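Just so you know, ligand 1 is whichever comes first in the structure, and atom 1 is the first atom listed for that ligand. Remember, predicted model here, so these are calculated numbers, not experimental data. Sequential numbering from 1 along the given sequence is applied to the chain's residues.
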Amino acid sequence: MSQSSTSQAVDNASVRHNWTTKEVQALFDLPFNDLMFKAQTVHRQHFNANEVQVSTLLSIKTGACPEDCKYCSQSARYKTDIEKERLMEVEKVLEAAKQAKAQGSTRFCMGAAWRNPKERDMPYVLEMVKGVKSLGLETCMTLGMLSPDQAGQLQEAGLDYYNHNLDTSPEHYNQIITTRTYQDRLDTLDAVRGAGMKVCSGGIVGLGEQANDRASLLVQLANLSPQPESVPINMLVKIDGTPLSDVEDLDSFDFIRCIAVARIMMPKSHVRLSAGREAMNEEMQSLCFLAGANSIFYGCKLLTAANPETNQDIMLFKKLGINTETIDNNIDEAQESIALKTAMVNNQNADLFYDAAN
Ligand code: SAM
Ligand code: DTB
Ligand code: SF4
């Protein structure tokens with residue numbers, strides 16, 4: 001067997017793209033301790049369990065969005081308490097990126113309240129990518145839907161990741177957004193992948209969806225081939241003035257289960273404990289890390305909503321003995337595939353992989 005086909009065999013053995021909602025529901029239904037044990041076991045096969053990747057978010061264009069996402073503070077359709085802002089100047093974005101780097105972030109994620117970027121915006125956005133990249137940070141953007149051509153331009157400028165969430169299950173989707181389709185989202189993910197960028201895609205829970213919608217969302221994400229490198233799991237931040245401001249809270253354990261199941265289904269992806277940490281106590285966040293979350297947004301603001309202060313996160317990491325990932329010590333695909341290949345040669349692979357179907 002050639003080296004590349006060995007690597008392919010390893011990948012096929014550990015990552016599945018044929019999940020069904022029924023079997024995922026069965027994972028959700030496991031006793032909590034069994035689920036946590038499985039998730040932690042899978043996590044340790046692919047990552048240093050005491051390392052968390054940290055990204056910083058910046059809203060480069062805030063509010064006045066034409067879309068109708070029912071959770072969002074930035075939709076022009078709802079009366080919310082945010083200040084609208086035009087596209088930020090490139091220099092100001094680079095200042096914020098320098099600060100993020102100084103605080104220990106390794107990735108800078110720039111978000112815009114757009115349905116999609118207009119051609120007139122592209123030159124500025126491309127300058128931002130080049131500038132942030134030249135600071136030695138990983139670059140990420142979330143600008144709405146992209147055409148293949150725009151994805152190509154961003155990739156050429158040095159964009160590492162593009163964030164575009166599926167948000168919820170295909171079944172629940174029309175209750176949340178009517179101005180773009182699920183297929184539009186999948187097409188954007190195709191454009192991002194086709195241009196050679198890494199995919200950051202996840203969703204929001206606590207939107208009033210059913211348990212099977214959470215399973216169905218994870219099936220959509222895990223059955224993407226390849227799976228997204230980064231999977232943000234957002235807990236809804238309830239925003240006054242939006243249609244979802246009064247939706248019933250999701251039980252904390254159901255949220256932690258979601259992280260654990262995502263970890264089992266997407267064993268090589270970074271699962272991000274994303275929006276909603278401000279409302280979670282330290283114990284809940286710790287259970288999310290135990291369930292396999294290994295990425296967070298760092299810094300006191302998300303796009304418009306509050307996030308824990310950096311100092312609070314540093315204190316929590318210290319209590320838990322967690323280190324932040326540096327770009328260099330990130331277990332990248334190459335290192336991981338070398339480790340797995342070695343294990344195969346040693347004929348230990350049978351012990352390495354958890355088969356979630358059993
Ligand atoms: N406008 C672009 C788009 O929607 O494609 C990019 C920015 S948008 C704010 C990025 C993602 O943030 C959304 O898809 C959603 O998953 C998440 N998000 C937005 N508002 C949220 C909220 N109130 N609570 C939790 N997650 C939220
Ligand atoms: C993602 O999944 N979550 C981030 C990022 N991608 C762009 C956004 C969270 C937004 C939370 C609400 C707000 O700040 O307005
Ligand atoms: Fe606009 Fe993005 Fe908010 Fe939807 S989530 S309203 S597209 S900013």
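- At under 3.5 Å, a nitrogen or oxygen of N165, whether backbone or side chain, sits near a nitrogen or oxygen of ligand 2.
- Residue A275 has no nitrogen or oxygen atom sitting less than 3.5 Å from a nitrogen or oxygen atom of ligand 1, judged on distance alone.
- Contacts between N234 and ligand 2, counted as non-hydrogen atom pairs separated by less than 4.0 Å, involve the side chain only.
- The protein heavy-atom contact nearest to atom 10 (C) of ligand 2 is L303 CD1, 4.2 Å.
- Among protein heavy atoms, atom 21 (C) of ligand 1 sits closest to Y71 CD1, 3.7 Å.
- Side-chain polar atoms of D68 and Y78 form no donor-acceptor pair below 3.5 angstrom.
- The backbone and the side chain of A113 each have at least one atom closer than 4.0 Å to an atom of ligand 3 (non-hydrogen atoms only).
- The shortest N/O to N/O separation between N165 and ligand 1 falls below 3.5 Å.
- Some N or O of W114 is nearer than 3.5 Å to an N or O of ligand 1, by distance alone.
- Heavy-atom contacts of D167 reach the following atoms of ligand 1: 13 (C), 14 (O), 15 (C), 16 (O) (cutoff under 4.0 Å).
- Protein heavy atom at the shortest distance from atom 23 (N) of ligand 1 is V237 O, 3.0 Å.
- Less than 4.0 angstrom separates some heavy atom of T304 from each of these atoms of ligand 2: 13 (C), 14 (O), 15 (O).
- Only the side chain of P232 comes within 4.0 Å of ligand 2, judged by heavy-atom distances.
- Here the options are K133, R107, K198, the test is salt bridge (charged side-chain N to carboxylate O under 4.0 Å, His left out), and the partner is D160; only K133 passes.
- Only the side chain of R180 comes within 4.0 Å of ligand 3, counting heavy atoms alone; its backbone N, CA, C and O stay farther away.
- Interface atoms of ligand 3 facing C65, defined by a heavy-atom separation under 4.0 Å, are 1 (Fe), 6 (S), 7 (S), 8 (S).
- Regarding atom 7 (C) of ligand 1, its nearest protein heavy-atom neighbour is T142 OG1, 3.8 Å.
- Per-residue contacts place C69 under 4.0 angstrom from the following atoms of ligand 3 (heavy atoms of the residue considered): 4 (Fe), 5 (S), 6 (S), 7 (S).
- A salt bridge links R16 to E23: at least one charged side-chain nitrogen sits closer than 4.0 Å to a carboxylate oxygen.
- In terms of N/O distances under 3.5 Å, ligand 2 is not approached by T142.
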